[in-house]
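FYI, side chains are in, hydrogens and waters are out, and symmetry mates aren't considered; it's all heavy atoms of this structure. We count ligands from 1, going down the list as the structure has it; atoms in each ligand are counted the same way.
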Amino acid sequence: MKIATILGTRPEIIKMAPIIDEISKRDIEQVVIHTGQHYDEEMSDNFFKDLEIPTPDYNIHVGSGTHGKQTGLMMKGIEEVLLVEKPDIVLVQGDTNAVLAGALVASKLHIAIGHVEAGLRSFDMTMPEELNRRVADVATTMYFIPTEQSAINLLAEGFSHKNLFITGNTVVDACFRHLEIAKKRGFEDESLAGLDIDNLDNILTLTMHRAENVDVKERVVNIIDALKELSDMNIIFPIHPRTKNTLENFGLFEELNNLSHVHIIKPLGYLDFLLLTSKSTLILTDSGGLQEEAITLNVPALTLRYNTERPETVAAGGNILVGSDKDSILENACKILSDEEFADKMKNAINPYGRGDSAKSTVDAIEDYYSRGLLNIEAPEDIMDSFTRKMASIKEDISVAEFEQKENALIHMVFDGENMKFPFDDLNLNGMMITYDK
Ligand code: UD1
Ligand code: UDP
């Protein structure tokens, strides 16, 4: 079997590293394709070193540009590689332009697609990420999903539960493994040297890069106004290149940089950054990955957004959505600093993203599909001429697997009272309402 992995931005490298590592331990050929979307050393190369994975086999060097240009160049480059390499499955991760490009190209070449971190939905179609992940899911063969809630999003869109694998998130694998390494090694980045982080209290780690925040001056001004008033905190801000550009263009960079409690530094490598976040009192972010890492590391997070495709973190109590609202940022940050009970509750929120064995479950599932011939994409022989769904109220002890076998049916949705449930094979359906087709 041959697996091709596509990546291209900082979070894709971090979240695919555990899978690349897992594949390399098995008798599987692999090829890694870098789109080149992130190209600065501190946004790309440094992560291959910190995460101890080999340099990619191909780099398409798309660089920066508009969405159309970037996606188009990626499609061209990925297609060329896939035609030569002919993998059995292509893995894409998350919601970047690489996910869209990779899924479109692979599906038209009739190559199976595995979407890692599938099923997340912000329900905000103005976000490029929401469009990317939704379009990719239409073409996906195997869905590797962090939580039951995200799996339910996909069921609601009509995808068969047979192809949905609830694996947890590989960010937990990366986080657990590399925090230990980072602790042994200590801080290395010279931009942290002068700050004596080990002896610093009240650290607030700040990251922001979402287009809907940093490209809108009013939002950036509100956030900076809140930061000005958080002078009891030591704010460490490893700045994303997009944000550096926009702050400079808005003429706000110097104003923020001149605040004595705000330390703007270049993006950190993974080990330094994990160590920094683990020592933080509070994380203020609009990053997706950081919302997940915060709850994994037991650090309270305030998210600079009005919605999140990671609602599990909010429901668990570890994350609060503060948008770009100055009062909400200040009120919640001050409460975390001053109210120990409130802060402890946030810290003790249960991580919903698994135990750190997500890469193993993902590669196990791929090997299983490969061995059963399910990665071969062929046109179906008989296509249903209409869309049918039956409903039933189940009044006997029968599991999902037993029902499906007995009725030769596929269950789509399961309702336990008002709540939708994932149709795990061993779920007892007694007392539940289901939809299915035969
Ligand atoms: C991209 C992803 C976003 C993800 C983020 C992770 C899409 C649509 N967006 O956003 O989902 O959360 O990566 O960080 O795929 N730049 C550099 N050096 C680099 C890379 C970028 O200077 O190495 C600058 C360029 O000016 C570029 C800007 O950052 O125009 C934005 O980069 P881009 O790749 O378009 O999107 P991100 O904001 O990084
Ligand atoms: N990260 C890092 N160094 C930094 C900032 C972030 O290593 O200076 C890591 C962070 O630990 C997380 C990932 O980058 O795993 C998040 O990437 P980003 O916020 O760019 O993208 P998103 O997750 O929002 O797509």
Side-chain angles (χ1 to χ4, degrees), residues 6-18 34-47 49-51 61-71 73-74 92-102 117 120 122 127-133 136 169-175 178-179 182 189 191-192 205-215 236-249 264-278 280 283 285-294 296-297 299 303-305 308-310 353:
I6 299 176
L7 42 73
T9 63
R10 171 169 72 184
E12 292 167 272
I13 303 167
I14 294 168
K15 287 175 170 175
M16 288 313 289
H34 195 310
T35 61
Q37 180 171 352
H38 284 176
Y39 44 86
D40 290 346
E41 201 175 8
E42 61 260 24
M43 294 300 286
S44 175
D45 288 8
N46 289 350
F47 290 91
K49 290 180 201 136
D50 270 6
L51 292 151
H61 294 293
V62 298
S64 303
T66 59
H67 284 270
K69 183 177 165 207
Q70 218 174 40
T71 311
L73 287 173
M74 282 181 199
V92 292
Q93 194 285 329
D95 51 28
T96 64
N97 288 339
V99 176
L100 175 65
E117 202 186 70
L120 279 65
S122 70
M127 289 179 73
E129 289 84 0
E130 184 72 357
L131 197 63
N132 290 343
R133 56 171 91 91
N169 196 311
T170 55
V171 79
V172 181
D173 307 26
C175 210
H178 295 282
L179 182 59
D189 197 289
S191 57
L192 295 168
T205 296
L206 167 68
T207 79
M208 56 173 174
H209 70 278
R210 292 270 152 222
E212 66 268 23
N213 271 336
V214 301
D215 293 358
I236 318 282
F237 184 15
I239 195 164
H240 189 287
R242 173 186 209 109
T243 314
K244 186 162 190 285
N245 290 343
T246 53
L247 286 187
E248 282 169 352
N249 292 342
I264 305 183
I265 56 177
K266 63 181 174 51
L268 290 172
Y270 193 54
L271 298 182
D272 279 322
F273 190 73
L274 268 187
L275 208 49
L276 173 68
T277 47
S278 70
S280 299
I283 288 169
T285 192
D286 61 13
S287 159
L290 207 41
Q291 291 174 65
E292 295 153 353
E293 283 166 345
T296 305
L297 296 169
V299 182
T303 295
L304 296 161
R305 289 178 50 189
T308 178
E309 54 295 286
R310 278 116 176 140
Y353 295 115

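- Heavy atoms of F273 found under 4.0 angstrom from ligand 2 belong exclusively to the side chain.
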Does ligand 1 have any N/O atom under 3.5 Å from a protein N/O, and what are those pairs and their distances?
from	atom 1	to	atom 2	distance (Å)
ligand 1	11 (O)	E129	OE2	2.7
ligand 1	12 (O)	H209	NE2	2.9
ligand 1	13 (O)	H38	NE2	3.4
ligand 1	14 (O)	H240	NE2	3.0
ligand 1	15 (O)	Q37	NE2	3.1
ligand 1	15 (O)	N97	N	2.9
ligand 1	18 (N)	Y39	OH	3.4
ligand 1	18 (N)	D40	OD2	2.9
ligand 1	23 (O)	Y39	N	2.9
ligand 1	23 (O)	D40	N	2.9
ligand 1	26 (O)	N245	ND2	2.9
ligand 1	34 (O)	Q37	NE2	2.9
ligand 1	36 (O)	R242	NH1	3.4
ligand 1	38 (O)	R242	NH1	2.8
ligand 1	39 (O)	H38	NE2	2.7
ligand 1	39 (O)	H240	NE2	3.3

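- T277 and E293 share no donor-acceptor pair across their side chains, judged by distance under 3.5 Å alone.
- Take S280 and apply the side-chain hydrogen bond (donor to acceptor under 3.5 Å, both in side chains) test, not counting sequence neighbours, and it matches T205.
- Checked for salt-bridge contact, E117 and R133 miss the test: no charged N lies under 4.0 Å from a carboxylate O.
- With hydrogens left out, the protein atom closest to atom 7 (O) of ligand 2 is F47 CE2, 3.2 Å, a heavy atom.
- Residue R210 approaches ligand 2 through these ligand atoms, each under 4.0 Å from one of its heavy atoms: 22 (P), 24 (O), 25 (O).
- Between K49 and E41 there is a salt bridge, since a side-chain N of the basic residue sits under 4.0 Å from a carboxylate O of the acidic one.
- Looking from atom 19 (O) of ligand 2 to the surrounding protein, the closest heavy atom is S287 OG, 2.7 Å.
- Residue P11 has at least one heavy-atom neighbour below 4.0 Å for each of these atoms of ligand 2: 17 (O), 20 (O), 21 (O), 22 (P), 23 (O), 25 (O).
- Interatomic distance, CZ of R305 versus CE of M127, reported as 4.0 Å (0.5 Å rounding).
- For S44, the side-chain hydrogen bond (donor to acceptor under 3.5 Å, both in side chains) test picks out H34, with sequence neighbours left out.
- For atom 3 (N) of ligand 2, the closest non-hydrogen atom of the protein is L268 O, 2.8 Å.
- No donor-acceptor pair closer than 3.5 Å links the side chain of T243 to the backbone N or O of I239.
- Among all protein heavy atoms, the one lying closest to atom 13 (C) of ligand 2 is I14 CD1, 3.7 Å.
- Contact of the L192 side chain with the L268 side chain is registered, since non-hydrogen atoms from C-beta on lie closer than 4.5 Å.
- The distance from atom CZ of R10 to atom OG of S287, rounded to the nearest 0.5 Å, is 7.0 Å.
- Against a heavy-atom cut-off of under 4.0 Å, P267 is close to the following atoms of ligand 2: 8 (O).
- The closest side-chain heavy-atom distance from D215 to R242 is below 4.5 Å.
- Each of the following atoms of ligand 2 lies closer than 4.0 Å to a heavy atom of H209: 18 (P), 19 (O), 20 (O), 21 (O), 22 (P), 24 (O).
- The CG atom of D40 lies 8.0 Å from the OG atom of S64; values are rounded to the nearest 0.5 Å.
- At least one N/O-N/O distance between G289 and ligand 2 falls below 3.5 Å.
- The ring-ring contact (aromatic ring centres under 6.0 Å, His included) search around H209 returns H240, not counting sequence neighbours.
- Of all protein heavy atoms, the one lying nearest to atom 10 (C) of ligand 2 is E293 OE1, 3.2 Å.
- The N/O atoms of G288, backbone and side chain alike, include one that comes under 3.5 Å of an N/O atom in ligand 2.
- Closest to atom 20 (O) of ligand 2, if we only count protein heavy atoms, is R10 NH2, 2.8 Å.
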